[in-house]
Protein chains: 2
Amino acid sequence: MQKDKEDRSQDACAHHHLAIRDTMELLSGKWKIRIIGSLSFGPKRFMELKGYIDGIAAKMLSKELQDLETNGLVNRTVLQTKPITVEYKLTPYGYSLQPVIDAISDWGMQHRNKMIAHLKKA
Amino acid sequence: MQKDKEDRSQDACAHHHLAIRDTMELLSGKWKIRIIGSLSFGPKRFMELKGYIDGIAAKMLSKELQDLETNGLVNRTVLQTKPITVEYKLTPYGYSLQPVIDAISDWGMQHRNKMIAHLKKA
DNA sequence: TTAACTGGTTTCCTTTAGTAAACCCATTAC
DNA sequence: GTAATGGGTTTACTAAAGGAAACCAGTTAA
């Protein structure tokens with residue numbers, strides 16, 4: 001049984017959808033992508049992250065970091081400093097999201113430039 | 001006043017954050033990225049979209065499409081067929097999100113393959 | 001005239017997301 | 001002893017997202 005062109009294209013399309021759905025499930029919510037974006041510049045401590053991600057409450061940050069850890073994207077290490085500090089960093093799997101983060105960031109920059117250009121014209 | 005290396009890196013980082021925040025604001029919620037993903041294969045009618053995006057309720061689809069239209073990412077056209085049909089398609093601006101959608105989709109496929117490989121081992 | 005189809009909207013309800021503020025524990029500094 | 005710092009958790013609450021089902025309007029086929 002040979003599939004025709006339309007079948008193949010619909011298959012590709014269906015896989016595409018499933019892949020998008022899967023990714024977005026892991027990255028669901030308002031904060032996860034921003035957290036990963038912050039960590040993509042290197043490890044950060046809890047309070048440091050809270051400072052970077054303006055508007056996030058400690059509770060949310062804590063919960064989202066736990067989610068990300070559960071999904072193997074982020075690693076949590078308690079450092080025996082005094083007072084103790086906790087370092088969060090991306091796992092290699094977390095780093096594999098870099099192309100996604102970059103694409104989002106790039107688009108945001110273009111978007112921003114467009115807005116600025118629009119304002120200058122007016 | 002010359003900025004040192006650390007300043008510049010923090011600037012880049014800050015811009016990165018803002019860009020990510022801006023993008024994610026436009027694409028907020030559970031469905032927008034999936035809708036754009038569906039439309040990236042070409043224009044679709046309302047019921048057609050609803051069929052593609054499994055689990056979405058008419059109310060949500062309607063609302064999300066309105067949001068996307070307001071933000072200039074999607075175009076809505078009423079076709080004078082009988083019964084009337086409504087066609088949704090990406091604007092050029094909407095299409096400019098293709099790299100984001102593709103990055104997400106690609107990662108999802110890798111993720112899925114990883115899961116499958118994991119299952120086979122066990 | 002009754003039903004079906006497209007493209008919704010409305011209502012009611014539940015779940016999840018999100019917030020602020022208080023609290024907790026260990027440590028070290030004053 | 002009292003405050004400050006780091007890294008949280010708990011409580012109590014509000015706002016927003018989301019879902020199921022009913023409903024509606026125009027058209028057309030049986």
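Order of the sequence lines fixes the chain letters, A, B, ..., with proteins taken first and strands second; residue numbering starts at 1 for each chain.
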Round to the nearest Å and state the distance from B:Lys30 atom NZ to C:dT14 atom C1'.
13 Å
Is the backbone N or O of B:Leu49 less than 3.5 Å from a side-chain atom of B:Ser38, with the two atoms forming a donor-acceptor pair by type?
no
What's the CD1-P distance between B:Ile84 and C:dT6, to the nearest Å?
12 Å
Where is the tightest heavy-atom contact between A:Gly72 and A:Tyr93, given as atom of each residue plus distance?
O-CB, 3.7 Å
A:Leu61 CG to C:dA20 P, in whole Å, measures 14 Å
Is the distance from OP1 or OP2 of C:dG8 to the nearest side-chain N or O of B:Tyr88 less than 4.0 Å?
yes
To the nearest angstrom, how far is B:Arg76 atom CZ from C:dT6 atom P?
16 Å
Could you tell me which residues satisfy ring-ring contact (aromatic ring centres under 6.0 Å, His included) with A:Trp31, sequence neighbours excluded, listed by chain and number?
none
Nucleotide range of DNA chain D contacted by chain A, 5' to 3', under 4.0 Å to a heavy atom?
D:dG6 to D:dA12
Taking any heavy-atom pair under 4.0 Å as a contact, classify B:Gln66: base, sugar-phosphate, or nothing.
sugar-phosphate
Below 30° counts as parallel, above 60° as perpendicular, anything between as tilted: where do the rings of A:Phe41 and B:His16 land?
perpendicular
Per-nucleotide protein contact string for nucleotides 21-30 of chain C, where B marks a base within reach and S marks sugar-phosphate only (heavy atoms under 4.0 Å, - for neither)
-------S--
A:Ile56 CD1 to C:dT19 P: how many Å, rounded?
8 Å
Salt bridge B:Glu64-B:Lys32, side-chain N to carboxylate O under 4.0 Å:
yes
Whole-Å distance, A:Ile53 CD1 to C:dG18 P, equals 12 Å
Whole-Å distance separating the CD atom of A:Glu64 from the C1' atom of C:dA17:
9 Å
N/O donor-acceptor pair under 3.5 Å between A:Glu48 side chain and A:Arg45 backbone
yes
State, to 0.1 Å, how close B:Tyr52 and A:Cys13 come at their nearest heavy-atom pair, and which atoms those are.
CE2-SG, 3.7 Å
Where do B:Leu68 and B:Ile36 come nearest, in terms of heavy atoms and distance?
CD2-CD1, 4.1 Å
Rounded to the Å, how far apart are A:Ile33 CD1 and C:dA17 P?
14 Å
Any chance you could measure A:Thr85, atom OG1, to A:Lys44, atom NZ, to the nearest 0.5 Å?
14.0 Å
